Asks: 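Before I ask anything, let me first share the structure, which is written out below as structure tokens.
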Amino acid sequence: MIHYFNNREVAEKLDINLARWKRWSRSFLPPDPLGGLQSGYARQYVFKDLFKVYLGGHLVSHLKLSIPDAQTVLADLSPWLKKTGFLDLNGSIERLKEKAGDDRPYRIFLRALGGVDGKKTSAFCYLIYQIISSQAVEGVDHQFHQTIEETILNCRISDGNAFLQAPEVRMINISALFQKLIERLSSND
């Protein structure tokens, strides 16, 4: 069963100011099909829309991207997020909890490539890490051997190490962000 969330419910569960949540929602989603700001209808979110707004808000508030840059990142990453199940439209909370408990976490590194056509909005390229396995190194405390799968999007660089050498690289721990969102949404249900 698809669960719908409203602005007030989401803002309370995520401990985000209601006005800020609504502003993010207007910035990262198309206009509400049921009406405008003063229509009298409360906007309802399916999980995929809620996650887009939450991720966009994270990009703005924690990574200090501008709204247009965050919109660019969301547009670039949406196909990958959908393919990997982060934008699961038909996900029940129980099914989403299973996804959040995946022991092979993803991290997304993003790198600004500079303005496009003289505009301030940047283009971005992405390096996506998925930890496939992690094993402790015998005889050495706190060291692990990890097997990592790399995916590079929108970039001419084909080597992850070269990608990470740039000082403007930022990281999104997408699996932890997803898990935090699911935990907060499922609390008090």
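Owing to the predicted nature of the structure, the values given are computational and were not obtained by experimental measurement. Positions are given from 1, in the same order as the sequence printed here.
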Asks: Can you give me the closest heavy-atom contact between E9 and Y4, atom names plus distance?
Replies: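 Closest pair (atom of E9, atom of Y4, distance): OE1-O, 4.0 Å.
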Asks: Might you point out which heavy atoms bring P30 and R43 nearest each other, and give the distance in Å?
Replies: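 Heavy atoms of P30 and R43 come nearest at O-NH2, 3.0 Å.
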Asks: Which residues pass the side-chain hydrogen bond (donor to acceptor under 3.5 Å, both in side chains) test with N7, not counting sequence neighbours?
Replies: W21, Y45
Asks: Can you tell if the side chain of V169 reaches within under 4.5 Å of the side chain of L110, non-hydrogen atoms only?
Replies: no
Asks: What distance separates E12 CD from F5 CZ, expressed to the nearest 0.5 Å?
Replies: 13.5 Å
Asks: Can you confirm whether or not the ring centre of F178 sits under 6.0 Å from the ring centre of F47?
Replies: yes
Asks: How would you list all residue pairs meeting ring-ring contact (aromatic ring centres under 6.0 Å, His included) that involve residues 149-168, not counting sequence neighbours?
Replies: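 Not a single pair qualifies under ring-ring contact (aromatic ring centres under 6.0 Å, His included).
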Asks: Using side-chain heavy atoms (C-beta onward) and a distance below 4.5 Å, is L59 in contact with I172?
Replies: yes
Asks: Do W80 and I108 touch side chain to side chain, with heavy atoms closer than 4.5 Å?
Replies: yes
Asks: So, does Q71 use its side chain to make a donor-acceptor pair with the main chain of S27 at under 3.5 Å?
Replies: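 Yes; judged by distance alone, with no hydrogens or angles, the pair exists.
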Asks: So, do H58 and L177 sit near enough that their side-chain heavy atoms are less than 4.5 Å apart?
Replies: yes
Asks: Are any of the side-chain heavy atoms of L127 and L153 separated by less than 4.5 Å?
Replies: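 Answer no - side chains too far apart.
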Asks: Does the side chain of L50 come within less than 4.5 Å of L185's, by heavy atoms?
Replies: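 SC-SC contact between L185 and L50 confirmed.
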Asks: Work out which heavy atom in V73 is nearest to a heavy atom in Y126; give both atom names and the distance.
Replies: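 Closest pair (atom of V73, atom of Y126, distance): CA-OH, 3.3 Å.
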Asks: Say you draw a straight line from CD of E150 to CZ of R107; how long is it, rounded to the nearest 0.5 Å?
Replies: 13.5 Å
Asks: For residues S175 and F86, report the shortest heavy-atom separation together with the two atoms involved.
Replies: OG-CZ, 4.1 Å
Asks: Heavy atoms only: give me the nearest A70-V60 pair and the separation to one decimal.
Replies: CB-CG2, 3.9 Å
Asks: With a 4.5 Å cut-off on side-chain heavy atoms, are I148 and Q130 touching?
Replies: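 Result no, sub-4.5 Å side-chain heavy-atom pair not found.
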Asks: Hey, does R26 have a side-chain heavy atom less than 4.5 Å from the side chain of P31?
Replies: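 When only atoms from C-beta onward are counted, R26 and P31 do not touch, as no gap falls below 4.5 Å.
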Asks: Distance check, rounded to the nearest 0.5 Å: K52 atom NZ versus L81 atom CG?
Replies: 8.5 Å
Asks: Are L29 and L18 linked, directly or through other ILVMFWY residues, by side chains that come within less than 4.5 angstrom of each other?
Replies: no
Asks: If every non-hydrogen atom of L14 is compared with every non-hydrogen atom of R184, which pair is closest and at what distance?
Replies: O-NH1, 2.7 Å
Asks: Calculate, to the nearest 0.5 Å, the distance between atoms CZ and CZ belonging to R23 and R20 respectively.
Replies: 6.5 Å
